[in-house]
Amino acid sequence: MDGPEREGRKLHRSFGGLALLGILLVVAGLVGLVYTGVATLTSMILFGWLLLVGGLVGLVHAVQSRGTNYFWLGVVVAALNIAAGVVVIRHPHGTAEALTMFAALLFLTGGVFRLVGSVVVRGPQFGWTLLQGAFGLLLGLLVLFDWPHSSLYVLGCFFSLALLFDGLGLIAVGIGGRRIVSMVSEQMTPGGDEGEGTDPLTQDGRKRSEN
């Protein structure tokens, strides 16, 4: 039983680590919702570094695959990622303004398409689709009318909400996993309910042999 117990303890600690990571993400999300400007700037810098590192990795892969048909395509894509990462890191506020404008346009077009589609199709989800379209259109207009000041809090708010919900999901997985591991470990311990003979075939065979 040492092997299963050891594995159970490892799983227990792993799920506990997931729950702890989820708590940290929830705290970071709540702090980001309070300080949306800092969250926006942080998200832009992280985005820039992701582009830069991804471009460098892509460039290394392109150099390693030189002589193939995809060499120059890989070099061009890597160079564009590196250039975009440098621009985002050096000008995070300008990047936030551009991305906020892009997000507002996405909300507007998505809301208009949902509104028109719900009115034309009138399917079983008519009311829900109409509400989604109206909400997207209203959100896009609010962000657009307050631009460029909205770039200080829109992206940071989205980034913080993503951290918050990801953290809640990790907490749920961690707590649920720890409970399942504990239940399985209790049933596998000697003298438990399962150890008292939950195998009906074995018990039936013993009764027949005794008779």
Side-chain angles (χ1 to χ4, degrees), residues 14 17-18 21-22 24-26 28-29 31-33 35-118 120-121 125 129 132-133 135-170 173:
S14 298
L18 284 179
L21 178 60
L24 294 177
L25 290 180
V26 168
V31 172
L33 289 176
Y35 303 99
T36 52
V38 177
T40 299
L41 186 62
T42 303
S43 62
M44 288 298 96
I45 294 176
L46 289 176
F47 180 59
W49 278 107
L50 285 176
L51 288 175
L52 184 59
V53 173
L56 292 175
V57 173
L59 185 61
V60 171
H61 283 296
V63 171
Q64 290 177 350
S65 63
R66 59 184 178 276
T68 61
N69 297 328
Y70 303 101
F71 170 70
W72 289 109
L73 178 61
V75 170
V76 170
V77 172
L80 290 176
N81 285 333
I82 292 173
V86 172
V87 171
V88 172
I89 293 173
R90 294 188 62 181
H91 306 283
H93 296 287
T95 305
E97 292 179 0
L99 290 179
T100 303
M101 173 64 74
F102 181 68
L105 293 177
L106 281 180
F107 288 137
L108 285 174
T109 54
V112 169
F113 276 113
R114 282 193 177 92
L115 284 174
V116 174
S118 63
V120 172
V121 177
Q125 302 293 331
T129 307
Q132 283 183 323
F135 179 75
L137 183 62
L138 178 62
L139 185 60
L141 290 174
L142 289 176
V143 174
L144 190 62
F145 288 159
D146 198 29
W147 190 85
H149 181 263
S150 58
S151 63
L152 298 176
Y153 58 86
V154 170
L155 297 179
C157 183
F158 290 162
F159 179 68
S160 301
L161 287 175
L163 290 178
L164 179 62
F165 286 113
D166 287 344
L168 291 175
L170 288 177
V173 172

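As a basis for the values below, the full set of heavy atoms in this structure was taken, side chains included, without hydrogen atoms, waters or symmetry mates. FYI, the numbering just counts along the sequence from 1.
Closest approach of Met44 and Leu99 over heavy atoms only: CE-CD1, 3.6 Å. In terms of heavy-atom proximity, Gly55 sits nearest to Ala78 at O-CB, 3.3 Å.
By the side chain to side chain contact (heavy atoms under 4.5 Å, CB included) test, Val38 pairs with Tyr35, Thr42, sequence neighbours left out. Residues forming a side chain to side chain contact (heavy atoms under 4.5 Å, CB included) with His93 (at least two apart in sequence, or on another chain): Leu41.
Between the CG atom in Leu144 and the CZ atom in Phe107 there is a gap of 12.0 Å [rounded to 0.5 Å]. Taking CZ from Arg90 and CD1 from Ile45, the interatomic distance works out to 14.0 Å, rounded to the nearest 0.5 Å. Interatomic distance, Thr95 OG1 to Phe47 CZ, rounded to the nearest 0.5 Å: 8.5 Å. Atom CG of Leu137 and atom OG1 of Thr109 lie 10.0 Å apart (nearest 0.5 Å). Taking CD1 of Ile89 as the start and CG of Leu46 as the end, the distance is 9.5 Å to the nearest 0.5 Å.
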Which atom pairs, one a donor and one an acceptor, fall under 3.5 Å between side chains of residues 158-166 and the rest of the protein, sequence neighbours left out?
{"unit_1": "Ser160", "atom_1": "OG", "unit_2": "Gly32", "atom_2": "O", "d": "3.3"}
{"unit_1": "Ser160", "atom_1": "OG", "unit_2": "Leu33", "atom_2": "N", "d": "3.4"}
{"unit_1": "Ser160", "atom_1": "OG", "unit_2": "Gly156", "atom_2": "O", "d": "2.8"}

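Only one option out of Leu73, Leu80, Val75 pairs with Val77 in a side-chain contact (heavy atoms from CB on, under 4.5 Å); it is Leu73.
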